[in-house]
A.B. asks: 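So that we are looking at the same thing, I have put the structure below in structure tokens.
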Amino acid sequence: MKSSKLQNWGLAIAVIVLAVFPLLFVKGEFSGSDGQAETAIGELKPGYEPWFKPFFEPPSTEVESLLFASQAALGAGVIGFVIGRYRGRTEKREQK
């Protein structure tokens, strides 16, 4: 059990290092894939007109970021719930 706890802490620290390392040492501009795709399309075909419009356009970039972060948090919550559920099921099975 102690080795499992140590392993979990090691994994958590590794994830934090992997997330922080690029922010500290990688120089450059961070941008989303949507913006990069829009730029590439503009370079390849300057007069391109999109064939559809989005159903909803957020009123500002802050709202767009909020929706994106909420979506990511909801997804992480669902994944965590499923992993916890399977882990609990496994532990319950092992106790029998």
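Quick note: numbers below take in every heavy atom, side chains included, and nothing from hydrogens, waters or symmetry partners. Numbers here are sequence positions counted from 1.
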A.B. asks: Start with the C-alpha distance between Phe56 and Leu67, add both sets of side-chain angles, then the distance that settles side-chain contact (heavy atoms from CB on, under 4.5 Å), and finish with yes or no.
C.D. replies: CA-CA 12 Å; Phe56 171 72; Leu67 291 173; 3.8 Å; yes
A.B. asks: With a 4.5 Å heavy-atom cut-off, do Phe25 and Val20 have their side chains touching?
C.D. replies: no
A.B. asks: Only pairs under 3.5 Å count here: list side-chain donor-acceptor contacts from residues 38-49, not counting sequence neighbours, and write none if there are none.
C.D. replies:
| residue | atom | partner | partner atom | Å |
| --- | --- | --- | --- | --- |
| Thr39 | OG1 | Gly35 | O | 2.9 |

A.B. asks: Any chance you could measure Leu66, atom CG, to Gln71, atom CD, to the nearest 0.5 Å?
C.D. replies: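 That separation rounds to 11.5 Å.
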A.B. asks: So, for Pro58 and Val63, which heavy atoms are closest and what is the spacing to 0.1 Å?
C.D. replies: CB-CG1, 4.0 Å
A.B. asks: Given the rule that I, L, V, M, F, W and Y join up when any side-chain heavy atoms are under 4.5 Å apart, are Phe21 and Leu24 in one cluster?
C.D. replies: yes
A.B. asks: When rounded to the nearest 0.5 angstrom, what distance separates CG in Asp34 from CZ in Phe68?
C.D. replies: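 Atom-to-atom, Asp34:CG and Phe68:CZ are 8.5 Å apart.
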A.B. asks: Kindly list each side-chain donor-acceptor pair under 3.5 angstrom involving residues 88-96, sequence neighbours excluded, with atom names and distances?
C.D. replies:
| residue | atom | partner | partner atom | Å |
| --- | --- | --- | --- | --- |
| Thr90 | OG1 | Tyr86 | O | 2.9 |
| Glu91 | OE2 | Arg87 | NE | 3.3 |

A.B. asks: Could you give the distance from CD1 (Ile13) to CG (Leu18), rounded to the nearest 0.5 Å?
C.D. replies: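 Between Ile13 CD1 and Leu18 CG, I get 12.0 Å after rounding to 0.5 Å.
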